[in-house]
Amino acid sequence: MDAESIRLNNENLWAWLVRLLSKNPEWLSAKLRSFLPTMDLDCSYEPSNPEVIHRQLNRLFAQGMATWKSFINDLCFELDVPFDMEIPLLSIWGPRDEFSKQLGAGEESCPGPQLYHGVKRPFQSYGSSPHRKNSKKQQLELAKKYLKLLKTSAQQWHGGVCPGAWLTPDSPQTYIPPVLQWSRATAPLDAQEGATLGDPEAADNIDVSIQDLFSFKAHKGPRVTVLLGKAGMGKTTLAYRLRWRWAQGQLDRFQALFLFEFRQLNMITQLPTLPQLLFDLYLRPESEPDAVFQYLKENAQQVLLIFDGLDEALHVDSVGTDNAGSALTLFSELCHGNLLPGCWVMTTSRPGKLPSCVPKEAAMVHMWGFDGLRVEKYVTCFFSDLLSQELALKEMRTNARLRGMCAIPALCTVTCFCLRRLLPGSSPGQSAALLPTITQLYLQMVKTFSPSGTLLDTSILGFGKVALRGLDTGKVIFSVEDISPQLMAFGAVHSLLTSFCIHTRPGHEEIGYAFVHLSLQEFFAALYLMASHTVDKDTLIEYVTLNSHWVLRTKGRLGLSDHLPAFLAGLASHTCHTFLCQLAQQDRAWVGSRQAAVIQVLRKLASRKLTGPKMIELYHCVAEAQDLELARFTAQSLPSCLSFHNFPLTHADLAALANILEHRDDPIHLDFDGCPLEPHCPEALVGCGQVENLSFKSRKCGDAFAEALCRSLPTMGSLKTLGLTGSGITAQGISHLIQTLPLCSQLEEVSLHDNQLKDPEVLSLVELLPSLPKLQKLDLSRNSFSRSILLSLVKVAITCPTVRKLQVRELDLIFYLSPVTETATQQSGASDVQGKDSLKEGQSRNLQLRLQKCQLRIRDAEALVELFQKSPQLEEVNLSGNHLEDDGCRLVAEAASQLQIAQKLDLSDNGLSQTGVTYVLKAMSTCGTLEDLHISLLSNTVVLTFAQEPREQEGSCKGRAPLISFVSPVTSELSQRSRRIRLTRCGFLAKHTEKLCEALRASCQTHNLDHLDLSDNSLGDKGVILLTELLPGLGPLKSLNLSRNGLSMDAVFSLVQCLSSLQWVFHLDVSLESDCIFLRGAGTSRDALEPKFQTGVQVLELSQRYTSRSFCLQECQLEPTSLTFLCATLEKSPGPLEVQLSCKSLSDDSLKILLQCLPQLPQLSLLQLRHTVLSSRSPFLLADIFNLCPRVQKVTLRSLCHAVLHFDSNEEQEGVCCGFPGCSLSQEHMETLCCTLSKCNALSQLDLTDNLLGDIGLRCLLECLPQLSISGWLDLSHNSISQEGILYLLETLPSYPHIQEVSVSLSSEQIFRMRFSKKEGAGTSLRLCECSFSPEQVSKLASSLSQAQQLTELWLTKCHLDLPQLTMLLNLVNRPTGLLGLRYLPALGKRVG
């Protein structure tokens, strides 16, 4: 048979062979060189190419069947060939004699060397002779023997007995599964998230669903399950239960199961590899361990490794060994698939921060112990006779405290032990007095050790000493040397100790002893601390601490004292006083002082600010102490809001909290955020009347949690706010809430945010609103409701009299309500009240409906409008973010006038087009309450704002009052409001202008339009010019905004004509660079264009104020031609008129043109040139304006960029003012300036401050001064004039008889003013301040004073003249005639006359 026939007959096998060799091209090349040394092997091609391999196999097969069989045999023995492929390969092509010989050898074949590093198969050099491995069939036989041995060993260990919690000869052998709950995103394939596993009512196998622990979707990640539970929940019991079930053949998905305890792994002295861990330290195969390990590797998906007590694992650094070999490192490698990839790993741990070696993808399962049903099931199984069962169950049902303790399986066992001793011959209910706390429960168990009543104090204290030593050193496994024979016998008799075999290193075994439960070790340690005379009080109180459960255990000493502080607090109770006195053989005072010390420490802890876990531990301690004063102090020390975040809480934890709250007077808020909660733990809050706000936020809260919560809610009379958010509640849990909420009439807020509620559940909850009279808020956001129930929600909001707002936005669903008054409640309860009463009730309620992003379409809008028409007065309707489009928006807008909307209708983001804008405008024609319409298509904004009262008597008013109405104080009515339409960023072009104005005219037929905003469009010059022609048809507006429409000066000239053509236009403001254009009416400020509204009184005040027309043109370049046309256009504007121009610069020619045009504007009252740079010649041009335009009364040019011209209606000049401050004028400008100003005969004031005159400029000015006829002030301040200038003025003073006063100050103020008088000979007053003169200057001053005969008064203030200088000045002044008054004011303030 040729190779092609072989390939055709075994096509699948041949294809698989090609794929295998394409992954091992080097091995194939080496074999071909060995079998075909003289043949070319196609080395030029890629060796892993399937075509190349196919040709090479054909050549090899052509060498003969012997060569081919030898090749197949080497392939099976040297490459990693799966067992299901190796059998057909060897059976078809393998050497029969050698293959059958190996199968027949079986166990008698000599085993090879054991390879304990065997995580990989031994690699053989391709060039050397291959080492023959054990055949797959032989490996399978060896593996079967080992797996049978493994299962037999597990059966022998359990002895055929079902492992239960704290198994003793008298305890039940039936296993009661605890409540298990999935966490994170992992869930069993056939169960919902949050489902509890292990139904105690299941037939036959009571914990059949525990196998779902290994049914979650692992995807491609590691298959790791972490079982979390507090001490006593049954984690170790469940681990051994799984092994027992596997040994009984009930977990058939696993071929092998290995169970390790970290407390035993911590004792290994020589850290092993994985094969050593499995075979040397657990169970060794009878032969060929490497072959068995290889089989486990190949079938790893059927191998389960359980590691119990991850929280007890020692960190690598603590044991001082190599990191690569620690037990925790082996565990990490298994979890991440580096060792035994594909295997299942399960670990148990107390809650807290897990080691980093646990993968993030691991499935987390919380163990919550027993619920009520499981407790009764356990009690029933514990007591064999029917009478004892009935008595025990009766005690459980009547004692809530005892039933709560039994939620912990370990305590349930202890409770049953104690009840068996107490029930015979005792009266019903005695357990409430004898078993009030966990400590009392353990004490009753200890008393069972001595049936005769004799206390075995020596044995108990001896056990306590061993227990305490173990806790101090982190030791939970003891050797023979640690426990005396007497104590060992005592522990064996009373089932306190358990013994087991420990492998400390390969080949070495020893016996270890441990308390049957860690809590028992802690209890005996607490007894020793309280009753031993070798422990002083200082040492005792060191153990009263609150442990944090967040720290990763990285120390060599394990944290094993979770219950020790609670046991110490319980032993500090007065009920334990007598027992401790007998145990310690001390008097009552000695025991009482130790108990008081513990209570005092707890009181100090209660006064501190603690974390959540420490608070819960403190509450357990206070409950165990049974000290009323301590409980009251702890309760009063609680904050008003008590929050717990991200740590597990059980029924016992909430019971301890509720016990504290019973002693509190003030209300409290409880917030549980992200805490895994035991499903039935809310039952602990029954009757907790101090809770005012209760909030749960956790995905772990499912239907069972909701059911338990509903049993507590009706008993919490002060509860006002209930939050159950982010949970896993479904319809089943909501059904319980629906039945319970009507019983909680005091509720003010309910939040079911972020749950799994669907349409029926949401509607059922909403229908409860009338039955909750005090409810103010119902939050159902982020649930799985659909759009189909939206109309039903709106109907409930309309019909329910307490709803004031419904807010629906995507996943948000919130009802806001107003509490019903007693009168309203009575009215709503009477079924026969109709007509006016119901109408009055509806009108008194304002309803807000916000249905945003709900995918509403036009058919939904029709139904909504129909519902809206039946509703009371709507305060706000928000339909933004839907799909109403043009027709839907028009439909709602047309109905707006009938809906009685008081404030706002929002139709934003509904796909409105430019055509739809005209629809909305026309629809507003009949709406008398519309106050503002804002549409912006680019920002998807469509908002209609309404006035609370309709505009009165406006329907018949088609026009505005005449122009005098703008200034008359009596024509406007307070009841009228401004109507504003803003159509911004709508993309309107010039071609849309006509249709837009047509729609605006339609909307203004019955109701006048006041403010129109068309900014941020694209009308351009053409559109605006057309608009100015159509504006008269819109009636008298108050404002028009055309900003950002791309306008030029052509459009501006057209708008300027509106000042004359439209009576309502009083103000035109244009800023070309920033593209801002406003037209405003009389009494309307720029603020009126903003989206806010003025009251009627403010409008009346503005209308009463008389305002002139104004034109403001800014940020433009004015050329002579533009100025000429502008002034010609302004000639038609009525006055008075104010013009403000602003441009970067204005040339002299442009300024001349402007000034020459001023006489043509008789109505002009003010002209301003602001922020306009002028040349240095501009002062002279402006100074000549008095000659060009006699109406100019005042000219001011400041800093060559700000010019102001004031005009008077009278052309007769009188009291003209002129000023050029800061214009850089110097001495060379004075002659020209004075020559120009000399033409003005009515110059009253001249301001030349802040220039560059100096002393020389002053001389020039004084020389030209006779040309000017000034009748007022000449101000030369801030011109750097010194003492020399003052002396020159005094020298020339006789030449200026009109100077009446000169005031000079050379201080920082630099004052230099001269006042002129029309009359001569009135006398001159000279005031000098801070003018320091040298002796020579004093002489010149005296000479000038002597010559100035008109000088009548001289003031010298702070001129720094000492007495000799002043005496010299007086001696030098020679006045032939007239009097000179001298007033000298020195720096010290004394006046010398």
Side-chain angles (χ1 to χ4, degrees), residues 83-84 107 137 139-165 167 172-178 180 188-191 197-216 218 223-225 227 234-261 278-279 282-287 289 291-308 334 340 342-348 363 365 367 377 381 500-501:
F83 185 72
D84 57 345
E107 296 182 5
K137 193 170 235 185
Q139 182 190 74
L140 180 60
E141 293 298 329
L142 292 172
K144 286 183 178 180
K145 289 185 178 182
Y146 177 73
L147 295 178
K148 184 177 180 181
L149 180 64
L150 193 65
K151 187 168 294 188
T152 302
S153 175
Q155 293 173 348
Q156 292 176 352
W157 191 93
H158 290 285
V161 179
C162 170
L167 186 63
Q173 296 185 8
T174 303
Y175 177 72
I176 307 300
L180 301 179
L189 297 177
D190 54 352
L197 308 180
D199 183 8
E201 293 297 332
D204 301 327
N205 220 346
I206 200 167
D207 58 339
V208 63
S209 58
I210 288 183
Q211 61 188 355
D212 289 336
L213 289 171
F214 313 103
S215 299
F216 63 89
R223 302 173 178 181
V224 180
T225 303
L227 191 63
K235 301 183 295 298
T236 302
T237 303
L238 177 59
Y240 280 91
R241 171 67 177 177
L242 288 173
R243 189 175 70 169
W244 179 84
R245 289 196 58 188
W246 173 78
Q248 298 298 320
Q250 299 178 17
L251 290 179
D252 53 357
R253 69 178 304 162
F254 298 114
Q255 294 190 38
L257 186 148
F258 300 89
L259 174 58
F260 302 97
E261 295 184 15
L278 298 179
F279 300 150
Y282 193 82
L283 182 64
R284 185 175 181 84
E286 296 178 356
S287 62
V292 175
F293 184 75
Q294 183 64 30
Y295 178 84
L296 294 178
K297 281 182 55 181
E298 295 174 358
N299 298 273
Q301 70 277 4
Q302 296 180 348
V303 176
L304 172 62
L305 294 98
I306 301 177
F307 292 86
D308 183 41
L334 286 168
L340 213 61
C343 70
W344 291 78
V345 179
M346 175 180 169
T347 183
T348 67
V365 181
M367 176 177 282
K377 187 71 176 180
C381 296
F500 40 82
C501 180

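Taking both residues in full, the closest heavy atoms of Arg243 and Ala154 are given as CG-CB, 4.1 Å, listed atom of the first, atom of the second, then distance. Between Gly234 and Met367, the shortest heavy-atom contact is C-SD, 3.6 Å. Counting all heavy atoms, side chain and backbone alike, Val292 lies closest to Ser287 at CG2-O, 4.2 Å. Between Arg284 and Pro289 the shortest heavy-atom distance is NH2-CG, 4.2 Å.
A search for side chain to side chain contact (heavy atoms under 4.5 Å, CB included) contacts involving Ala256 returns Leu147, Leu150, Phe258, Leu296, Val303, not counting sequence neighbours. With sequence neighbours excluded, no residue forms a ring pair (Phe, Tyr, Trp, His ring centres under 6.0 Å) with Tyr295. Residues passing the side chain to side chain contact (heavy atoms under 4.5 Å, CB included) test with Leu149 are Leu283, Glu286, sequence neighbours excluded.
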Task: Stepwise side chain to side chain contact (heavy atoms under 4.5 Å, CB included) check, Leu278 with Leu305 - done: CA-CA 10 Å; Leu278 298 179; Leu305 294 98; 3.9 Å; yes
Open item on the list: For a side chain to side chain contact (heavy atoms under 4.5 Å, CB included) check, start with the C-alpha distance between Leu238 and Thr348, then their side-chain angles and the critical distance, and finish with the verdict.
Closed with: CA-CA 9 Å; Leu238 177 59; Thr348 67; over 6 Å; no
Task: Test log, rule side chain to side chain contact (heavy atoms under 4.5 Å, CB included), inputs Val345 and Arg223 - done: CA-CA 6 Å; Val345 179; Arg223 302 173 178 181; over 6 Å; no
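For the atom pair CZ (Phe307) and OG1 (Thr347), the distance works out to 8.0 Å, reported to the nearest 0.5 Å. Here the straight-line distance linking atom CG of Leu259 with atom CG of Leu242 works out to 9.0 Å at 0.5 Å rounding. Separating the NZ atom in Lys137 from the CG atom in Leu140 is a distance of 9.0 Å, to the nearest 0.5 Å. Atom OH of Tyr175 is separated from atom SG of Cys381 by 13.0 Å, given to the nearest 0.5 angstrom. Here the CD-CD distance, from Gln248 to Gln155, works out to 5.5 Å after rounding to the nearest 0.5 Å. How far CD of Gln301 is from CG of Leu340: 9.5 Å, rounded to the nearest 0.5 Å.
The backbone N or O of Ala363 sits nowhere less than 3.5 Å from a side-chain atom of Thr225 that would complete a donor-acceptor pair. Listed for the Glu261 side chain is no donor-acceptor partner under 3.5 Å among the backbone atoms of Asp308.
Ring geometry, Phe254 versus Trp344: the interplanar angle exceeds 60°, so the pair is classed perpendicular (tilted spans 30 to 60°). Ring pair Trp157/Tyr240 is parallel by interplanar angle, where below 30° counts as parallel and above 60° as perpendicular.
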